[in-house]
Amino acid sequence: MVKYGLDYTRCRWILPLLLGIGVIFGIIALAGRGWLESQTLPYVQQASLWQNCRRPEQGGEWSCESLMGYAWGRAAAATYLVGFLLLVICFALAIIAFAIDTLRFNFIRGIGGLLFVAAVFSIMGLVIYPVKFSSEMEMTGINMFSWAYGFGWTTAIMEICLGFFFCCLPNYEDQILGNVKPTYFYSSP
């Protein structure tokens, strides 16, 4: 990306595209019912960020309990949701920043800083949930933190990595804008 510059049409939108993928992963984590699931048959427990569902036997009815009745459930949901909303704001700001013909590199560095703040909030929610869930909720059978929880961690890791990219991109401003003279390694006889 640095070699061709951000004006190169295929490279200009890579960072906003990756932010968009992070937003999609965040939506999957927020809406997914697979934060915690039973590992083996019969499947007797399934939990999301919002509720915990159990069933007594294989063909029985699921009984669900909201996690919003617990202080830790509200804290985990609120911190992860704040991190997700900051990610959506960064995505919108990145679209605006890269749509302008003349890039504002300090604006891009601010997006990187905001991504680090979003990552901190997301990680707080992702740590509160399993610690308090496993200590305060009754769990039956063998359970595992599953796919939706993994999407949450993928979103947090993407926020950190993209934060580094957005913060370091202004360091290569001259190379990106093409203001650096090429260096030739030629010696005359």
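Owing to the predicted nature of the structure, the values given are computational and were not obtained by experimental measurement.
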Shortest non-hydrogen contact from S48 toward G32: CB-O, 3.3 Å
Scanning both residues in full, the closest heavy-atom pair of A119 with A156 reads CB-O, 4.2 Å
Transitively linked via ILVMFWY side-chain contacts under 4.5 Å: M144 with V127? no
As a test of understanding, state which of W35, F145, F121 forms a side-chain contact (heavy atoms from CB on, under 4.5 Å) with L126. W35
For residues I160 and M124: do they belong to one hydrophobic cluster (side chain heavy atoms under 4.5 Å, members Ile, Leu, Val, Met, Phe, Trp, Tyr)? yes
Do R55 side-chain atoms and E61 backbone N/O form a donor-acceptor pair below 3.5 Å? no
Run the side-chain contact (heavy atoms from CB on, under 4.5 Å) test on F84 and V88 for me, step by step, so that the C-alpha distance in whole Å, both residues' side-chain angles and the decisive distance to 0.1 Å come before the verdict. CA-CA 6 Å; F84 175 74; V88 170; 3.8 Å; yes
Do you know the tightest heavy-atom contact between I128 and A76? CG2-CB, 3.9 Å
Is there a path of hydrophobic side-chain contacts, each under 4.5 Å between heavy atoms of I/L/V/M/F/W/Y residues, joining W147 to I157? no
Please answer: with hydrophobic residues joined when any side-chain heavy atoms are less than 4.5 Å apart, are L86 and F164 in the same cluster? yes
For a side-chain contact (heavy atoms from CB on, under 4.5 Å) check, start with the C-alpha distance between Y129 and L67, then their side-chain angles and the critical distance, and finish with the verdict. CA-CA 10 Å; Y129 183 84; L67 295 178; 3.8 Å; yes
Smallest separation among heavy atoms of E37 and S146, with atom names: OE1-OG, 3.0 Å
So how far is it from L18 CG to C161 SG, rounded to the nearest 0.5 Å? 10.0 Å
Considering all heavy atoms, the nearest E159-S122 contact: OE1-OG, 3.2 Å
Distance (rounded to the nearest 0.5 Å) between F166 CZ and L114 CG: 10.5 Å
Could you pull out all residues at least two apart from C64 that satisfy side-chain contact (heavy atoms from CB on, under 4.5 Å)? R33, Q51, C53
For a quick test of reading the model, state the closest non-hydrogen atom pair linking F116 to G163 and the distance between them. CZ-C, 3.6 Å
Residue pairs passing the salt bridge (Lys or Arg N to Asp or Glu O under 4.0 Å) test where at least one lies in residues 122-134, sequence neighbours excluded: K132-E136
Chi angles and distances behind the side-chain contact (heavy atoms from CB on, under 4.5 Å) call for F133, N52: CA-CA 10 Å; F133 192 97; N52 180 25; 3.7 Å; yes
Is there a path of hydrophobic side-chain contacts, each under 4.5 Å between heavy atoms of I, L, V, M, F, W or Y residues, that connects L15 with I89? yes
First locate atom SG of C168, then atom CD1 of I108, and finally report the distance between them rounded to the nearest 0.5 Å. 12.5 Å
Distance (rounded to the nearest 0.5 Å) between M68 CE and R74 CZ: 8.0 Å
Which distance, rounded to the nearest 0.5 Å, do you find between the OG1 of T154 and the CD1 of I24? 13.5 Å
In sequence, state the C-alpha distance, the side-chain angles, and the governing distance for L49 and Y149, and then conclude on side-chain contact (heavy atoms from CB on, under 4.5 Å). CA-CA 9 Å; L49 181 61; Y149 185 69; over 6 Å; no
Roughly how far apart are Y80 OH and T155 OG1, rounded to 0.5 Å? 4.0 Å
